[in-house]
Number of protein chains: 2
Amino acid sequence: MDEGGNEAFAADDEVPRDGTGRRPITLADVAREARVGESTVSRVLRSHGSFSETTRARVEAAVARLGYVPNRIAGTLASTGSRLIGIVIPSLTNIVFPDLLRGATAALEQEGFQSVIAVTDYDQDREEAVVGSLLSWRPAGLIVTGLEHNPGTRRRLVASGVRVAELLDIDGPGLDIVVGYSNRAAGEASARHLAGRGYRRIGYIGHDLTRDKRAAKRYAGFREGLAQVGLAPAGEERVASPSSVEAGRHGLEALLARVPDLDAAYFSNDDMALGGYFHCLAHGITVPGRLALFGYNGLDVGRLMPQPLATIRTPRVEAGATAARLLCTGGPATVVDLGFELIEGATA
Amino acid sequence: MDEGGNEAFAADDEVPRDGTGRRPITLADVAREARVGESTVSRVLRSHGSFSETTRARVEAAVARLGYVPNRIAGTLASTGSRLIGIVIPSLTNIVFPDLLRGATAALEQEGFQSVIAVTDYDQDREEAVVGSLLSWRPAGLIVTGLEHNPGTRRRLVASGVRVAELLDIDGPGLDIVVGYSNRAAGEASARHLAGRGYRRIGYIGHDLTRDKRAAKRYAGFREGLAQVGLAPAGEERVASPSSVEAGRHGLEALLARVPDLDAAYFSNDDMALGGYFHCLAHGITVPGRLALFGYNGLDVGRLMPQPLATIRTPRVEAGATAARLLCTGGPATVVDLGFELIEGATA
DNA sequence: GTCCGGATTGGCAGCGCTGCCAAATCGGGC
DNA sequence: GCCCGATTTGGCAGCGCTGCCAATCCGGAC
């Protein structure tokens, strides 16, 4: 714990002599410095309304001289919209959600918006709480994950009047804007693909389905897909933990111990599938000869395995970006189905 | 503006019919409904100052009846502090930064703060721009990544007077709070470990070091470590792209083509190392017999490979949490070295 | 020189809340 | 029954900005 020290910067040219302790610089200071009215400064800074080129230069010079940073808190209060978008995601552990964030923040930046984020840990009560917190910032819009919310959350969302985009799922009724793809259909497509390749003793390795509603929908779709060709899962293993490479590895090990003659394993996502692949490598199980593997999400890592993973690629980044743009531009309530892509890979 | 009226909420359980178009509910409405003064409502809602139990109940009932959500924009403007922390990270693609975010948001939530995030893509000019945007929200503090910033960024940070925490690096002078570990020392430790295990022809596979300053410091430390035992890299491969599994896989392939007698490969991080491992698996290269692999970060996936990856575990989540807590509680400027842990694994 | 429409500009009332201060109320002790 | 200090409460002036409206200025047309 030693002193880092700011004097490192007081150094010569750049930094203005102080910055701390001084009364913060306001728009009124800039107006005085530039010898124009406050409204004129405001107009110039927002490039809104009309003003002469001379004025613009004067104002900009004053801003630079004083190092003025507009106060958006005040600006938001005075005007209406807030140029803030709240983003609610269940987790930051699964790369899917950072991907969503990435798409959203990139699109928001283009539109001049900022994002406030909150994480629910797949807990609907926490979701209700964080939605409340986010709404207290009077955001221009809210991005939430999935279509399932508890009554309190729905009430708040609707009552607030802010635009809401629900992401990564379209299997069910939405509140306003919905951007995603069908998890049910993805599960079904996976099952049909595996069945189509001749696998018959297909097992399922998943994680906590009571919390992750989208994984539950994929699972339901998967069972439907199998049923359509007269099959049923040859065995299932659900780990209680969140999805992870570890859960996939141990899950497959456990399932194979109970159902040794499995010929294919469908995982609730690519992380789990990668874990399963590692288990196969470690135990000399030939893939896909002895056991086929199928994932979900289409992560990069799957593409780069010695045998590319059979999986379904989901447009997560695009979903974030699309939702962000729709919220900023404020169109009508819609459902945008971005679809998904089945990647055959080499593990099935 | 039709008068929706408050009975919308009185309505039993679910969603009120409307919510849009109605004049938003303010603290004054609550005061009127509860038949108390505005300041009293404010005091009750913030549990600040004194009021009777009766009053609390009256106010809380009114809040519930009206479905009032406090406006923190107004609250922030009226008071001083903002209970917002800005977080600036270079990327969301590398799981390291979501991990940092995870630690920070969890700690912030406990303290009743919200986080606003911005992504720089490892570009210092973008960093300067997003720091400006974040400061315009008058955050209580700012978390930035690394110690290297361009002069404009430093000027803004210092002039703003907000607390700043610089994360994931302690090799250099900081502005205020610094939380992280020594990347240089990590690189050095990696080199010494490999040399200590008898490897002599050690190659380096890295990504764009001009943008990722911390990776550059590890690289420098790595060279120093080798030099200490009279060695120099037996070969190097730098891919121009950001770090990724793909870059690691192709990087190792390229390096082996040029330097076939390599006996160990040091990667700029675990993603790259995983790619290298996949290359070895795909081409029958025995690990570590024919080629040893060493990564950086200590990701879960490395631990679960058939042979656990030799790497260095970094406390990223802890760094985010520590920084967040220090910012919220507002102690003195300090440097917190969280250290790192060398994991021997089985690939070296 | 005068008048007119459009381009510029400044003044000022809020946005919804908090902080300060004064007023009202309460609960003994005498 | 009255006084005093402590507790509880309400009023109101901002916080820094934007939006509205009125004032001013400019350059021709008459």
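All values derive from a computational prediction rather than experimental measurement. Reminder, nothing fancy here: chain letters follow the sequence lines and each chain counts from 1.
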Nearest-0.5 Å distance that lies between atom CG in B:Leu101 and atom CG in A:Leu92
5.5 Å
Look up atom CG in B:Leu84 and atom CZ in B:Arg72, then write down how far apart they are to the nearest 0.5 Å.
8.0 Å
Between B:Gly37 and B:Ser79, who's closer to the 5' end of DNA chain D by nearest nucleotide?
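Result: B:Gly37.
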Residue whose closest nucleotide on DNA chain D lies nearer the 5' end, A:Gly75 versus B:Glu38
B:Glu38
Chain B reaches DNA chain D, atoms under 4.0 Å from its heavy atoms, from D:dT8 to D:dG16
Decide side chain to side chain donor-acceptor pair (under 3.5 Å) for B:Glu166 and B:His149; before the verdict, give the C-alpha distance in whole Å, the side-chain angles of both, and the deciding distance to 0.1 Å.
CA-CA 10 Å; B:Glu166 294 170 285; B:His149 316 287; 2.8 Å; yes
State, to the nearest 10°, the angle formed by the axis through the first five base pairs of the helix from C:dG1-D:dC30 to C:dC30-D:dG1 and the axis through its last five.
50°
Taking any heavy-atom pair under 4.0 Å as a contact, classify [X]: base, sugar-phosphate, or nothing.
X       : result
A:Ser39 : base
B:Thr26 : sugar-phosphate
B:Arg43 : base
B:Ser50 : base

Residues B:Glu33, B:Arg58: salt bridge by 4.0 Å N-O rule
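No, no charged N to carboxylate O under 4.0 Å.
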Does A:Arg23 come within less than 4.0 Å of A:Asp29, counting only side-chain N to carboxylate O?
yes
Qualifying salt bridge (Lys or Arg N to Asp or Glu O under 4.0 Å) pairs, either residue in [range], two or more places apart:
range                       : result
residues 38-51 of chain A   : none
residues 111-120 of chain B : none
residues 318-334 of chain B : B:Arg313-B:Glu318

Quick check: on DNA chain C, is the nucleotide nearest A:Val41 upstream (toward 5') of the one nearest B:His48, or the reverse? Name the residue that is more 5'.
A:Val41
Can you check side chain to side chain donor-acceptor pair (under 3.5 Å) on B:Asn150 and B:Thr153, steps first, answer last?
CA-CA 5 Å; B:Asn150 68 22; B:Thr153 306; 2.8 Å; yes
Listed in order of residue number, which residues of residues 53-62 of chain A have a non-hydrogen atom at under 4.0 Å from DNA chain D?
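When residues 53-62 of chain A is checked for heavy atoms under 4.0 Å from DNA chain D, there are no hits whatsoever.
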Separation of C:dT9 atom C1' from A:Arg32 atom CZ, nearest Å, is 18 Å
Given the rule in the side chain to side chain donor-acceptor pair (under 3.5 Å) test, do A:Ser52 and A:Thr55 qualify, once you have shown the distances and angles that lead to the verdict?
CA-CA 5 Å; A:Ser52 68; A:Thr55 306; 2.7 Å; yes
Quick one: does any side-chain atom of A:Ser82 pair with a main-chain N or O of A:Arg138 as donor and acceptor, under 3.5 Å?
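Looks like yes, one N/O pair under 3.5 Å.
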